[in-house]
**Student:** 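To start, I am sharing the structure in question, which I have written as structure tokens.
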Amino acid sequence: MSYATNEVSFLAGAVAALATQSDMPNANPENVIGFVGGMDIPGINAFLVGYIQGAQYVDPEVKVAFSYAGDFVNPAKGKELSLIQYNSGVDVIFNVAGGTGLGIFDAAKEKKKYAIGVDSDQAMLLNETDSEKANLIVTSSIKKIDSAILGAVKKLQEGTLEMGKRDVLSFVDDGVGIAENEIYKNVFPADLQAKVEEVKQKLINKEITVDNAMGMETSEVEAIRNAVKP
């Protein structure tokens, strides 16, 4: 099993674009959002391309600053790259950098800006130890590994699990989603939550098609990145 990271990143991009345009306390007038990836590789760029397209779906004029740390276990590098982005006018950064991305949250706290987590509900991981930092993580793009494994076990019990087949789990399969926790509900305005829900339903209904960098040439990814560079 794998996960439709391009689709869940599309929704994260919509959240980021709505946040940067909003009157949320830590948003600024600049129409620029950020992305920090672990490495410049297809698996990370699948997140980036989806993120860019989701942001453009909300606002075709949005700009996206992006950085690659070249490392998944270097929070100091993540913080350094994030501070550069925040100082340049970015007010929300998407973390797709593993352990390196923990530095994004440090930078968000220092600059009082927003972040979006990845893979799990990262706000809840930090909420008990640093609630100030957690409250700046508007949402997270989540791979619902628990639901995926439970679903596979049920199919195995029923004798309907297809062996030798690669399933890509999307919103339709409840394989991915964004964190809609108490922080999201309290920090992200209700009218914007409604807009995000509309986008999610369109993804579920396959009314929106999201490109996937996993099948793209490097030049195609480069063109998408350059089109939104601040």
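If you read the sequence from its start, that first residue is 1, and numbering goes on from there.
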**Student:** Less than 3.5 Å apart, any donor N or O on the side chain of E197 or Q201 sitting next to an acceptor on the other?
**Tutor:**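 E197 vs Q201: donor-acceptor pair found between side chains.
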**Student:** How many angstroms lie between CG in N135 and CG in L126, if you round to the nearest 0.5 Å?
**Tutor:**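 Nearest 0.5 Å value for the CG-CG distance: 10.5 Å.
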**Student:** For E222 and I224: C-alpha separation, side-chain torsions, deciding distance, then whether side chain to side chain contact (heavy atoms under 4.5 Å, CB included) applies.
**Tutor:** CA-CA 5 Å; E222 188 70 17; I224 291 169; over 6 Å; no
**Student:** Under the criterion salt bridge (Lys or Arg N to Asp or Glu O under 4.0 Å), I'd like the reasoning laid out for E198 against K195: C-alpha separation, chi angles, the key distance, then a yes or no.
**Tutor:** CA-CA 5 Å; E198 286 177 18; K195 290 179 181 179; over 6 Å; no
**Student:** Can you measure from CE (M39) to CD1 (I44) and round to the nearest 0.5 angstrom?
**Tutor:**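 Here the rounded value is 9.0 Å.
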**Student:** Please check if V168 and V172 belong to a single hydrophobic cluster, counting links between Ile, Leu, Val, Met, Phe, Trp and Tyr side chain heavy atoms closer than 4.5 Å.
**Tutor:**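 Per the 4.5 Å side-chain linkage, V168 and V172 are not co-clustered.
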**Student:** Nearest 0.5 Å, what's the CD1-CG distance between I104 and L136?
**Tutor:**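 Between atom CD1 of I104 and atom CG of L136 there are 13.0 Å.
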**Student:** Mark yes when over 12 heavy atoms from residues, nucleotides or ligands other than E207 sit less than 6.0 Å from its CD; otherwise mark no.
**Tutor:**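 Yes, because the 6.0 Å sphere around CD of E207 holds more than 12 heavy atoms from other groups.
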**Student:** Go through it in stages, so that I can follow the logic: the residues are Y51 and N45, the test is side-chain hydrogen bond (donor to acceptor under 3.5 Å, both in side chains), and I'd like the CA-CA distance, side-chain angles, deciding distance and then a yes or no.
**Tutor:** CA-CA 9 Å; Y51 183 64; N45 287 330; over 6 Å; no
**Student:** With a 4.5 Å cut-off on side-chain heavy atoms, are V138 and I183 touching?
**Tutor:**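 I183 does not reach V138 side chain to side chain.
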**Student:** Can you get from V90 to L18 by hopping between Ile, Leu, Val, Met, Phe, Trp and Tyr side chains that sit under 4.5 Å apart?
**Tutor:**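 Result: no, two separate clusters.
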**Student:** So does K109 have more than 12 non-hydrogen atoms from other groups sitting under 6.0 Å from NZ?
**Tutor:**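 Yes, NZ of K109 has more than 12 neighbouring heavy atoms, counting only those of other groups under 6.0 Å.
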**Student:** Just by distance, no angles: are the side chains of N6 and D211 close enough, under 3.5 Å, to form a donor-acceptor pair?
**Tutor:**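 Per modelled atom types, N6 and D211 side chains form no pair under 3.5 Å.
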**Student:** For the residue pair L161 and M163, establish whether any side-chain heavy-atom pair is separated by less than 4.5 Å.
**Tutor:**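 Sidechains of M163 and L161: in contact.
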**Student:** Test side chain to side chain contact (heavy atoms under 4.5 Å, CB included) on I137 and F105 and set out the steps.
**Tutor:** CA-CA 8 Å; I137 303 173; F105 306 139; 3.7 Å; yes
**Student:** Is any side-chain heavy atom of L48 closer than 4.5 Å to a side-chain heavy atom of Y68?
**Tutor:**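 Result yes, sub-4.5 Å side-chain heavy-atom pair found.
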**Student:** Does a side-chain N-to-carboxylate-O contact under 4.0 Å join K63 and E30?
**Tutor:**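 Salt bridge: no.
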**Student:** Quick one: closest heavy-atom pair of G34 and Q85, and the distance?
**Tutor:**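 Taking every non-hydrogen atom into account, CA-OE1, 3.1 Å.
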**Student:** Does E180 pair with K200 as a salt bridge, N-O distance under 4.0 Å?
**Tutor:**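 Between K200 and E180 there is a salt bridge, with a charged N closer than 4.0 Å to a carboxylate O.
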**Student:** Hey, does V187 have a side-chain heavy atom less than 4.5 Å from the side chain of M24?
**Tutor:**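 Answer yes - side chains close enough.
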**Student:** Report yes if some heavy atom in the side chain of I142 is under 4.5 Å from a heavy atom in the side chain of V8; otherwise report no.
**Tutor:**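 Side-chain contact under 4.5 Å: no.
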**Student:** Are any side-chain N or O atoms of Q193 and backbone N or O atoms of K185, one a donor and one an acceptor, separated by less than 3.5 Å?
**Tutor:**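 Pair found, side chain donor or acceptor close to backbone of K185.
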**Student:** T100 and N74: side-chain donor and acceptor closer than 3.5 Å?
**Tutor:**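 The answer is no; no qualifying pair exists.
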**Student:** When hydrophobic residues are tied together by side-chain contacts of less than 4.5 Å, even through go-betweens, does V228 share a cluster with Y86?
**Tutor:**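 Shared cluster, no.
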**Student:** Identify the two heavy atoms, one from V96 and one from F72, that lie closest to each other, and give their separation to 0.1 Å.
**Tutor:**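 Closest pair (atom of V96, atom of F72, distance): O-CE2, 4.3 Å.
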**Student:** Give me the atom names and distance for the closest heavy-atom approach of A123 to N181.
**Tutor:**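 Heavy-atom minimum between the residues: CB-ND2, 4.0 Å.
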**Student:** Would you say that V49 contacts M216 through its side chain, given a criterion of any heavy-atom pair below 4.5 Å between the two side chains?
**Tutor:**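 With C-beta onward as the side chain, the pair touches.
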**Student:** Indicate yes or no: at least one non-hydrogen side-chain atom of K77 is less than 4.5 angstrom from one of D71.
**Tutor:**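 They are not in contact (no side-chain heavy atoms under 4.5 Å apart), so the answer is no.
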**Student:** Do any N or O atoms from the side chain of N95 and from the backbone of A97 form a donor-acceptor pair under 3.5 angstrom?
**Tutor:**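 At least one qualifying donor-acceptor pair exists.
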**Student:** Which heavy atom in M1 sits nearest to a heavy atom in A148, and how many Å separate them?
**Tutor:**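 Looks like SD-O, 3.7 Å.
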**Student:** Please check if the side chain of S131 supplies one atom and the backbone of N127 the other of a donor-acceptor pair under 3.5 Å.
**Tutor:**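 A pair under 3.5 Å: no.
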**Student:** T20 side chain to A16 main-chain N or O, any donor-acceptor pair under 3.5 Å?
**Tutor:**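 No.
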**Student:** Is there a chain of hydrophobic side chains (I, L, V, M, F, W, Y, each step under 4.5 Å between heavy atoms) that links V64 to V32?
**Tutor:**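 Not linked; separate clusters.
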**Student:** Any chance you could measure S141, atom OG, to I178, atom CD1, to the nearest 0.5 Å?
**Tutor:**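 The distance works out to 9.5 Å.
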**Student:** Which pair of heavy atoms, one from D91 and one from A27, lies closest together, and at what distance?
**Tutor:**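 Reported closest heavy-atom pair: OD2-CA, 3.5 Å.
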**Student:** Drop me the distance from N226's CG to F66's CZ, to the nearest 0.5 angstrom.
**Tutor:**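 Going from the CG atom of N226 to the CZ atom of F66 covers 6.0 Å.
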**Student:** Report, as yes or no, whether the 6.0 Å neighbourhood of atom CD on E128 holds more than 12 heavy atoms from other residues, nucleotides or ligands.
**Tutor:**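 Result for CD/E128: open.
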**Student:** Quick one, E110 with K133, criterion salt bridge (Lys or Arg N to Asp or Glu O under 4.0 Å). Give me CA distance, side-chain angles, the key distance, then yes/no.
**Tutor:** CA-CA 9 Å; E110 184 173 316; K133 190 185 293 184; over 6 Å; no
**Student:** For residues 111-118, run the donor-acceptor check on the side chains, cut-off 3.5 Å, and write out each pair with its distance to 0.1 Å, sequence neighbours left out.
**Tutor:**
unit_1, atom_1, unit_2, atom_2, d
K111, NZ, N87, OD1, 3.0
K113, NZ, N26, O, 3.4
Y114, OH, N26, N, 3.2

**Student:** Check the side chains of E61 and N31 for a donor-acceptor pair under 3.5 angstrom, ignoring hydrogens and angles.
**Tutor:**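 Looking only at side-chain atoms, E61 and N31 do not form any donor-acceptor pair under 3.5 Å.
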**Student:** Under the 3.5 angstrom rule, does the side chain of Q53 hit a backbone N or O of G50 as a donor-acceptor pair?
**Tutor:**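 No; zero donor-acceptor contacts below 3.5 Å.
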**Student:** Would Y184 end up clustered with F10 when hydrophobic side chains under 4.5 Å apart are linked, directly or stepwise?
**Tutor:**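 Yes, one cluster joins them.
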**Student:** Is D167 paired with K165 through a side-chain N to carboxylate O contact shorter than 4.0 Å?
**Tutor:**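 Yes, this pair counts.
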**Student:** Run the side chain to side chain contact (heavy atoms under 4.5 Å, CB included) check on S170 and K206 step by step: do they pass?
**Tutor:** CA-CA 10 Å; S170 66; K206 299 297 183 183; 4.0 Å; yes
**Student:** Can you tell me if D119 and Y3 form a side-chain donor-acceptor pair at under 3.5 Å?
**Tutor:**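 Checked: D119/Y3 side chains show no N/O donor-acceptor pair below 3.5 Å.
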**Student:** If you measure from CD on E162 to CG on L156, what distance do you get to the nearest 0.5 Å?
**Tutor:**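 Spacing of CD (E162) from CG (L156) equals 13.0 Å.
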**Student:** For V176 and A4, which heavy atoms make the closest approach, and how far apart are they?
**Tutor:**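 Taking every non-hydrogen atom into account, CG1-N, 4.0 Å.
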**Student:** Relative to each other, are the rings of F94 and F35 parallel, tilted or perpendicular (30° and 60° limits)?
**Tutor:**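 F94 and F35: perpendicular rings.
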**Student:** Do K144 and S120 come close enough that some side-chain heavy atom pair is under 4.5 Å?
**Tutor:**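 The answer is no, as the side chains (C-beta and beyond) never meet within the 4.5 Å cut-off.
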